[in-house]
Structure formats: structure tokens, C-alpha cells
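So the structure is just underneath, and the comments pick up after that.
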Amino acid sequence: MIPIAQPLMGEEEKEAVIAVLESGMLAQGPKVEEFEKAFAAMCGVRHAIATSSGTTALHLALLAHGIGPGDEVITSPFTFISSANSILFVGATPVFVDIDESSFNMDPSLIEARITPRTKALVPVHLFGNPCDMEAIMAIAARHGLMVIEDAAQAHGASINGKKVGSFGTGCFSFYPTKNMTTAEGGMVTSDDDQVAEKVRLLRSHGMKRRYYHDFLGYNFRMTDVQAALGLAQLAKLELFNEKRIANARYFTERLGEVIIAPQVRDGYRHVFHQYTIRVKGDRDQMVEQLGERGIGAGIYYPLPVHQQPVYRELGYNERLPVAEAMSQEVLSLPVHPALSQADLERIVEAVSQLQMGISAGMKD
Ligand SMILES: Cc1ncc(COP(=O)(O)O)c(C=O)c1O
């Protein structure tokens with residue numbers, strides 16, 4: 001089976017982790033600091049603060065911006081649930097704006113209609129590695145005095161005209177094993193704002209500036225040196241990994257562009273293809289099954305938009321967001337990760353073309 005995701009672990013990762021294990025310093029220490037500096041440099045920002053996950057990165061970023069009960073935060077309904085859950089964690093209210101079907105990202109033209117006097121921040125999600133329209137989003141934020149916290153969990157190294165995601169507002173990244181680079185579990189907050197960065201640092205470790213003196217309520221959301229060592233080795237390969245993902249995506253689009261609705265990339269945008277997500281003409285679930293029978297592990301991201309998840313229904317969300325709802329029925333992601341061989345790529349193209357042509361022929365009957 002060609003898996004939908006596959007972390008690539010080499011000798012560098014193994015040696016780096018063993019060196020930490022032998023050093024005796026396992027928890028947050030010098031490797032975390034080194035990883036933070038290297039990640040900040042990659043993003044082109046002054047600060048990066050490592051956390052225990054992408055979810056805790058979002059949670060701390062929202063807290064550090066002073067977002068809490070009574071505040072509304074606008075985000076996408078078509079994302080992994082933690083983009084919205086982190087807003088709930090701080091006691092604020094997620095407000096969903098429908099997506100644009102060509103990018104799967106929040107549609108900026110729909111944002112202003114959802115802004116109220118309670119709106120404090122925007123959380124655009126760079127879904128599948130494709131940057132949101134940050135020019136439009138930053139202009140709206142400036143017009144309405146809103147903060148911007150980018151959910152860049154799937155978009156390490158993505159950029160718009162060379163400017164990296166995570167450097168427009170406060171950035172939040174995840175290093176879960178399926179991501180473009182991994183630390184097993186882990187996350188990172190990026191920021192150019194000294195105060196936000198300092199607040200995240202303190203919140204990450206029990207609000208403790210001086211040992212065992214706690215200025216405010218904080219958490220244990222730290223990364224370990226074992227994870228950071230892994231992260232440093234992976235970060236050194238991120239460009240290579242991303243280039244391979246981009247090349248794999250190009251290979252698919254060139255060969256499948258006629259039979260599927262391929263991902264679209266805007267001029268100047270660097271889409272780093274965390275997922276290669278297509279829209280299927282016909283029965284999507286059947287196609288996932290048939291690809292599975294042919295040894296290709298396709299994924300569905302996401303089968304149910306956040307506002308329709310039981311936990312959100314329970315909270316009273318009952319609006320209709322037609323594009324997100326339609327996309328959740330149509331999308332399918334193909335393996336695009338850097339571990340794919342030429343033979344894998346050819347097998348994927350052949351299977352998808354055959355199945356899609358079968359579906360189209362069936363539809364004409
Ligand atoms: C868009 C998005 N946001 C947030 C997260 C949360 O990251 P983590 O799983 O590291 O907590 C993820 C990843 O799983 C994600 O894909």
C-alpha cells in the first residue's frame with residue numbers, strides 16, 4: 001500500500017536523537033533553543049517558541065494576544081478541528097467564514113460581513129500547504145483593528161512572493177508525523193512581536209519567569225530536547241522535502257489535469273503540498289475504496305466541516321456554509337509525500353485516470 005503520509009527518518013535524525021539521549025538533558029534545553037533560532041530564521045521572523053503540539057501553539061498564541069471570554073475569532077470551517085477548538089480553549093467564540101473552492105481556504109470577500117464589535121482576531125488556515133490570500137486578509141485586519149494568528153500547521157516553508165507564512169501575523173506550526181517536517185509531536189509559535197513572544201514563552205512553562213515564582217496561570221506545553229534534535233535534522237531537509245512534494249504535485253497535475261479538478265496555485269504563491277487534494281467527479285467514497293483496492297492510500301481531509309461536528313452542533317452551531325459542506329463531499333487527497341518513488345507516481349496516475357474515466361463514462365450512460 002502506498003501510504004498517504006510517511007515520515008522520512010535518516011541517519012541524521014537517529015544520531016541527533018541518540019546524542020540527546022546520551023547528553024542527560026532530555027527535557028527543554030539547548031536543543032530547543034537551537035531549533036527555535038533555526039526555525040525563526042527559516043520563517044524570517046525574530047522569534048520562534050517551541051511547544052508540545054500545533055494545538056498548544058494555537059492555544060498559547062491566542063492567550064498571548066489577550067483573547068478570551070466575550071471575544072469572537074473568525075476562522076475557517078474547513079480545517080482540522082484544533083484551529084477552532086483552540087479558540088474555545090481560551091473561552092472565546094469561533095465564527096466561521098465559508099471557503100473559496102479554488103483554494104479551499106477562507107474566502108476573504110466573506111470576512112467583513114461576519115465582523116462584529118466583539119471580533120478580536122482572524123485565524124486564517126493555510127490548508128494543505130497553500131497560503132491564504134494574506135494581502136486581502138491583512139488589509140481587512142488593518143481596517144478593523146484585528147489581530148492575525150496564522151494556522152500554518154500544514155504549511156512549513158510556504159510563501160507569497162517570497163514572504164513566508166507565519167511571518168504575516170503570529171504563526172502557529174505543527175510537527176505531527178504526517179506534516180512536511182516532524183518532531184513526532186510538537187509545535188512552534190512564530191512572531192516579530194517581542195511582547196507576544198515573551199508571553200508565549202512564559203505561558204508555555206507555568207507563567208514562571210523566576211524559578212518557582214508564578215506571575216500568572218500558565219501551562220506545561222514545552223517541547224523536549226529529544227524532539228528538538230529531531231526537528232533540527234528535519235528542518236535541514238525541509239527545502240528538499242518541499243521541492244519533492246512540489247515536483248510530485250506538478251507530475252500529477254500535468255498528467256491528471258484533464259480528468260480531475262487539480263489544486264490551483266496562484267501566481268507568486270508557493271504551495272508546499274502538505275496534501276495534493278483533488279475534487280472528484282462522481283462518487284468520492286467509492287473512489288477512495290477503489291484506490292485502496294489498487295494499493296493507494298487516499299485520504300479525506302475533511303469529511304465533515306467543523307461547524308457540523310457533533311461537538312459544535314452541541315454548542316448551537318447550525319448555520320449553512322455551502323462551499324465547505326460541498327467540498328467535504330468532493331475532496332480526496334492523493335499521496336504526494338517525498339518518499340514516493342517514480343513507480344509510485346506512475347501507479348497513482350494510472351489508477352486515478354482509469355477510475356475517473358470509468359466514472360465519467362458511467363455518468364454519460
Ligand atoms: C490545520 C491544522 N491546525 C492545527 C493542527 C494541530 O496540530 P497538532 O496535531 O500538532 O496539535 C493541525 C494538525 O494536526 C492542523 O492540520
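Because only heavy atoms are used, hydrogens play no part in the values below, and waters and symmetry mates are left out as well, while side chains stay in. Whatever order the structure lists them in is the order used to number ligands and atoms, beginning at 1. Since the model is a prediction, treat every value here as computed from it, not as a measurement.
Counting only residues at least two apart or on different chains, the salt bridge (Lys or Arg N to Asp or Glu O under 4.0 Å) pairs with a member in residues 317-341 are R114-E319, R279-E330, R320-E325.
With sequence neighbours excluded, no residue satisfies salt bridge (charged side-chain N to carboxylate O under 4.0 Å, His left out) with E135. Residues satisfying the ring pair (Phe, Tyr, Trp, His ring centres under 6.0 Å) criterion with H156, sequence neighbours excluded, are F173, F175.
Salt-bridge formation is not detected for the pair E289/R294: no Lys NZ or Arg NE/NH1/NH2 atom is positioned less than 4.0 Å from an Asp or Glu carboxylate oxygen. With respect to K31 and E34, a salt bridge is recorded, a charged nitrogen being found less than 4.0 Å from a carboxylate O. Under 4.0 Å is where a charged nitrogen must lie from a carboxylate oxygen, and between K120 and D71 at least one such pair does.
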One line per pair, note the atom names and distance for all nitrogen or oxygen contacts under 3.5 Å between ligand 1 and the protein.
| unit_1 | atom_1 | unit_2 | atom_2 | d |
| --- | --- | --- | --- | --- |
| ligand 1 | 3 (N) | D151 | OD1 | 3.2 |
| ligand 1 | 3 (N) | D151 | OD2 | 2.7 |
| ligand 1 | 7 (O) | S174 | OG | 3.3 |
| ligand 1 | 10 (O) | G54 | N | 2.8 |
| ligand 1 | 10 (O) | S174 | OG | 2.7 |
| ligand 1 | 11 (O) | G54 | N | 3.4 |
| ligand 1 | 11 (O) | T55 | N | 2.9 |
| ligand 1 | 11 (O) | T55 | OG1 | 2.5 |
| ligand 1 | 14 (O) | K179 | NZ | 2.9 |
| ligand 1 | 16 (O) | Q154 | NE2 | 2.8 |

